[in-house]
Peer 1: 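Take a look at this one; I'll ask things after.
As a basis for the values below, the full set of heavy atoms in this structure was taken, side chains included, without hydrogen atoms, waters or symmetry mates. Every chain is numbered from 1, with letters handed out A, B, ... down the list of sequences. No experiment lies behind these values; they were computed from the predicted model shown.
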2 protein chains.
Amino acid sequence: MDSTDLQRTTAPMRRRVTAAMVAEHAGVSTATVSLVANGKTHGRVSAANEAKVLDSIRKLGYVIDEIGSSLSRGVSSTVIMVAPDISNPFFAKVIAGVRSALGSNYQLLLSVTDAGQLPSAADTRRLLGLRPAGLLVDAPDPSFLEALSATGPLVLLDAPGFGEDVPAVNLDVAQGARDLAAHLAAAGHTKVAYLDGITGTTTFELRRTAFLKAATALGMSVPDGAEAATTIDVGLAADAFAEAWPEWKKAGITAVVCATDTHAYGVLQEARVAGISIPGELAVTGFDDLPYSANSNPGLTSVNLPAELLGRRAAEQLLKLINGEDLETPLLTLDSSLMVRGSTAQA
Amino acid sequence: MDSTDLQRTTAPMRRRVTAAMVAEHAGVSTATVSLVANGKTHGRVSAANEAKVLDSIRKLGYVIDEIGSSLSRGVSSTVIMVAPDISNPFFAKVIAGVRSALGSNYQLLLSVTDAGQLPSAADTRRLLGLRPAGLLVDAPDPSFLEALSATGPLVLLDAPGFGEDVPAVNLDVAQGARDLAAHLAAAGHTKVAYLDGITGTTTFELRRTAFLKAATALGMSVPDGAEAATTIDVGLAADAFAEAWPEWKKAGITAVVCATDTHAYGVLQEARVAGISIPGELAVTGFDDLPYSANSNPGLTSVNLPAELLGRRAAEQLLKLINGEDLETPLLTLDSSLMVRGSTAQA
DNA sequence: CTGAAAGCGCTTACAG
DNA sequence: CTGAAAGCGCTTACAG
């Protein structure tokens, strides 16, 4: 409703409104302006002065300068999130969760590396030069973490195996992997292939390990040579599958478990091209349960991971740390579940 | 290779290394440290002093403090990108392009609103409080733009109809829309429905207008009541289509043109549920050509928009503005093209 | 309750 | 080529 006001107050060539200008306008000191602007008036600013300052702030269109404020306070109000691959829709959901929990008091700065890459030491230093209020690191690399040690509030996401040292929100990928193995075993599969991701993040290792363990326990096996790995890319996954399939077929493979839905899309695509019947000749599964998995043909059986919740919980934990609170539960684990669809329907 | 070094220099409890500390270590003034750290030594710092400072910087692990630097320079090295919906894979690609052009000299701060929402005036002010080096605004709203007026380097993305006032990189959506209309006309369609997006961004208006115009010219029509609109969401699009289809069918509709691929996924999904044969009974098309459109079943005919390039070009233009250069071509337009797939195959 | 003043870390005329 | 000093805009003890 005040959009026309705003347009006027931010007319071209207008100089930035500073606390000093507000102070002069209100007839008080900049200290008082700061107190009022930050809502720290209780017992420190008279009601009369508060009203005057509030009025001046509105009239002049004053906004606290983040830079000056940050320098003075020693930290910025920026939360930096380090994520390995923003093009993965899974991360988009994680980020949405982070944003919703962070609200408008903190700015979210996304530090994204290229697919499959880890942030360099130089990148890290530069990030810390921004004096973030807190750090969120998704699917971290251990060496990267050491470089960040003791720099302030830090919460990891999807970082299994980092012990109790650092607060983290993890996904119980293992449960979903076990359900997946049980589902495939029940459908009569005995030889399965595994198409892995290769960002080198622990989550892929965990998915693979948990599945292989459960599969073995259920009498299934991944024969020698029935493993492949690509970055998270439909096309590359399709290529890898195309190359491997003749041999896999010979080895009696009847199911391909993919580390991500994106990999699985590649397999589905190539299978269609190659005339491989899904799920009749080959069952295909993924992890992540991306939105499109319900819409592929056939629908993709996938381990659902609660991406949005992951982001939300991590940001909530971080907010507590920033506020100096202790975390009752520094290590959170969120459930995963298996979504069964047409790509593994019983024959 | 220096990761172990880094770990040591960032050991717990270590105080931040300041330019003053470097100056003392090197036996020079902070002015000299600043010059060296910023690579502005030519003709201003002796080779001997430069070497000494460089050595001290390395030994102490000094990094310029962004906050102090920004306050002093009056601007930060942050580029803020305002985008309406990060969960749309299209934007993920745009962002990737921006990042690749920006390099490591500028931090990319994503300001994302919730799906279908525009940034509020308060959001805008807060953004400007960060003193960005430049602003990238994707699919802007005119009123939002006015609030930003004259605040520094600014480049719009996908902002048709803003005239010559502001530098922008646009997509020639109209060309793709015309190709699409021609394709449908050639396949014999005469009555088509239009499923629109409702973020209120001009790009959707343009897609719709361009298509309708070309369709009309080719003898096709969109009957009364054969238009619907939802936010960019598979489920909502599916619902809207489910509700509208009985009537559309009665009206003789044989094709649904969707404003985004995401909308089209919803139509495909609902069509499968409802047993509508695609493309036999109904042809379906989208805009964006998302990665999954090649993999849906049937494959989705879609107008390809060069998302990554859009981001890259916009960031390149912004960089020029930041460096005080003039833009030879303040208005860039990138080509679109039609990708024909199974969802519109000839009957 | 209030304001003068110091200080956050840097950059940049300015004088030498 | 070099350094002392002012200044960016804010916050926070501190003295009153």
Side-chain angles (χ1 to χ4, degrees), chain A residues 15-54 56-57 60-78 125-126 128-133 152, chain B residues 15-54 56-57 60-78 125-126 128-133 152:
Chain A
R15 273 207 37 74
R16 172 175 296 278
V17 178
T18 67
M21 294 164 69
V22 176
E24 190 186 352
H25 187 272
V28 299
S29 69
T30 59
T32 300
V33 171
S34 176
L35 257 15
V36 173
N38 287 290
K40 299 180 178 174
T41 57
H42 188 68
R44 310 223 249 156
V45 179
S46 66
N49 268 352
E50 181 172 8
K52 276 198 290 186
V53 173
L54 249 16
S56 298
I57 286 179
L60 300 180
Y62 172 68
V63 188
I64 295 178
D65 183 89
E66 246 300 292
I67 304 290
S69 175
S70 298
L71 183 59
S72 181
R73 285 180 296 115
V75 282
S76 72
S77 61
T78 296
R125 294 196 201 192
R126 217 184 314 255
L128 298 181
L130 294 172
R131 306 245 204 140
Chain B
R15 272 204 40 70
R16 172 175 296 276
V17 177
T18 67
M21 294 164 69
V22 176
E24 191 188 350
H25 187 271
V28 299
S29 70
T30 58
T32 301
V33 172
S34 176
L35 258 13
V36 174
N38 287 290
K40 299 179 177 174
T41 58
H42 188 69
R44 310 224 251 154
V45 179
S46 67
N49 267 353
E50 181 173 7
K52 275 197 292 186
V53 172
L54 250 15
S56 298
I57 285 178
L60 299 180
Y62 172 68
V63 188
I64 294 178
D65 183 272
E66 247 300 293
I67 304 290
S69 175
S70 299
L71 183 59
S72 181
R73 285 180 296 118
V75 282
S76 71
S77 61
T78 296
R125 295 196 199 192
R126 218 185 312 257
L128 298 181
L130 294 172
R131 304 246 204 137

Peer 1: I'd like to know if the side chain of A:Asp65 and the backbone of A:Ile67 have a donor-acceptor N/O pair within less than 3.5 Å.
Peer 2: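 The answer is yes, because a donor-acceptor pair under 3.5 Å joins these two groups.
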
Peer 1: At under 4.0 Å between heavy atoms, what does A:Ala19 touch on the DNA or RNA strands: base, sugar-phosphate, or nothing?
Peer 2: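 The answer is sugar-phosphate, as A:Ala19 gets under 4.0 Å only of primed atoms, P, OP1 or OP2.
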
Peer 1: Using whole Å, what does the distance between atom C1' of nucleotide C:dC10 and atom CD1 of A:Ile67 come to?
Peer 2: 12 Å

Peer 1: Just to confirm, is there a sub-4.0 Å distance from OP1 or OP2 of C:dC8 to any side-chain nitrogen or oxygen of B:Thr18?
Peer 2: no

Peer 1: Looking at D:dT2, D:dT11, C:dT11, which one has an atom nearest to any side-chain atom of B:Ser69?
Peer 2: C:dT11

Peer 1: Starting at CZ of B:Arg131 and ending at C1' of D:dC8, how long is that distance when rounded to a whole Å?
Peer 2: 7 Å

Peer 1: Picking from D:dG9, C:dG3, D:dT2, which would you name as closest to the side chain of A:Ser29?
Peer 2: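 Looking only at heavy atoms from C-beta outward on A:Ser29, the closest nucleotide is C:dG3.
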
Peer 1: Whole angstrom is fine here: how far is it from CZ in A:Arg16 over to C1' in D:dC8?
Peer 2: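 Computing the A:Arg16:CZ to D:dC8:C1' distance gives 11 Å.
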
Peer 1: With P as the reference atom in both, quote the distance from D:dC14 to D:dC10 in angstrom, rounded to an integer.
Peer 2: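 It comes out at 23 Å once rounded to the nearest Å.
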
Peer 1: To the nearest Å, give me how far apart CG (B:Asp65) and P (C:dG7) are.
Peer 2: 18 Å

Peer 1: Measure from the side-chain heavy atoms of B:Ile64 and tell me the nearest of C:dC10, D:dG9, D:dT2.
Peer 2: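 Nucleotide nearest to B:Ile64's side chain: C:dC10.
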
Peer 1: With side chains defined as the heavy atoms from C-beta onward, is the minimum distance between B:Val53 and B:Thr32 less than 4.5 Å?
Peer 2: yes

Peer 1: Sub-3.5 Å donor-acceptor pair from the side chain of B:Thr30 to the main-chain atoms of B:Val33, do we have one?
Peer 2: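 Checking the backbone N and O of B:Val33 against the side chain of B:Thr30, no donor-acceptor pair under 3.5 Å is found.
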
Peer 1: Can you tell me the base-pairing partner of D:dA4? Count Watson-Crick or G-U wobble geometry only, both distances below 3.5 Å, and say none if there is no partner.
Peer 2: none

Peer 1: Would you please confirm or rule out a distance under 4.0 Å between OP1 or OP2 of C:dC10 and any side-chain N or O of B:Ser34?
Peer 2: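 Negative; the distance criterion is not met.
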
Peer 1: From NZ of B:Lys52 over to C1' of D:dC1, roughly how many Å is that when rounded to an integer?
Peer 2: 12 Å

Peer 1: Is the closest basic N to carboxylate O distance between A:Arg73 and A:Glu66 below 4.0 Å?
Peer 2: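 Salt bridge: yes.
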
Peer 1: Rounding to an integer number of angstrom, what distance separates D:dA13 and D:dG9 when you compare their P atoms?
Peer 2: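 The same atom, P, in both gives a distance of 23 Å.
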
Peer 1: Taking donor-acceptor contacts at under 3.5 Å, does the side chain of B:Ser72 reach the base of D:dG7?
Peer 2: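 A donor-acceptor contact between them is present.
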
Peer 1: Quick one: closest heavy-atom pair of B:Ser56 and B:His25, and the distance?
Peer 2: OG-ND1, 2.7 Å

Peer 1: Remember a base hit wins even if backbone is also touched, and classify A:Val28 as base, sugar-phosphate or nothing at under 4.0 Å, heavy atoms.
Peer 2: sugar-phosphate

Peer 1: Knowing that exactly one of B:Asn49, B:Val22, B:Val36, B:Leu35 qualifies, which makes a side-chain contact (heavy atoms from CB on, under 4.5 Å) with B:Val28?
Peer 2: B:Asn49

Peer 1: According to a strict under-4.0 Å criterion, is A:Lys40 in side-chain N/O contact with OP1 or OP2 of D:dT12?
Peer 2: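 Result: yes.
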
Peer 1: Between A:Ser46 and C:dT2, is there a side-chain N or O to OP1/OP2 distance below 4.0 Å?
Peer 2: yes

Peer 1: Calculate the interatomic distance between B:Leu35 atom CG and C:dC10 atom P; express it in whole Å.
Peer 2: 14 Å

Peer 1: Can you tell me how far C1' of C:dC10 sits from CD1 of B:Ile57, to the nearest Å?
Peer 2: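 B:Ile57 atom CD1 is separated from C:dC10 atom C1' by 13 Å.
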
Peer 1: What is the distance, rounded to the nearest whole Å, between atom CD of B:Glu50 and atom C1' of D:dC1?
Peer 2: 12 Å

Peer 1: For B:Leu71 and B:Ala31, take the nucleotide of DNA chain C holding the closest heavy atom to each; which residue's nucleotide lies nearer the 5' end?
Peer 2: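 Counting from the 5' end, the first nearest nucleotide belongs to B:Leu71.
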
Peer 1: Side-chain N or O of B:Asn49 versus OP1/OP2 of D:dC1: is the shortest distance under 4.0 Å?
Peer 2: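 Answer no for this pair, as no side-chain N or O of B:Asn49 is under 4.0 Å from OP1 or OP2.
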
Peer 1: Which sits closer to the 5' end of DNA chain D, A:Arg44 or A:Val63, going by the nucleotide each is nearest to?
Peer 2: A:Val63

Peer 1: So which nucleotide from D:dC10, C:dT12, D:dC8 ends up closest to the side chain of A:Tyr62?
Peer 2: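 The answer is D:dC10.
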
Peer 1: On DNA chain D, check which nucleotide each of B:Arg73 and B:Val45 is closest to and give me the residue with the more 5' one.
Peer 2: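 On the 5' side of the pair lies B:Val45.
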
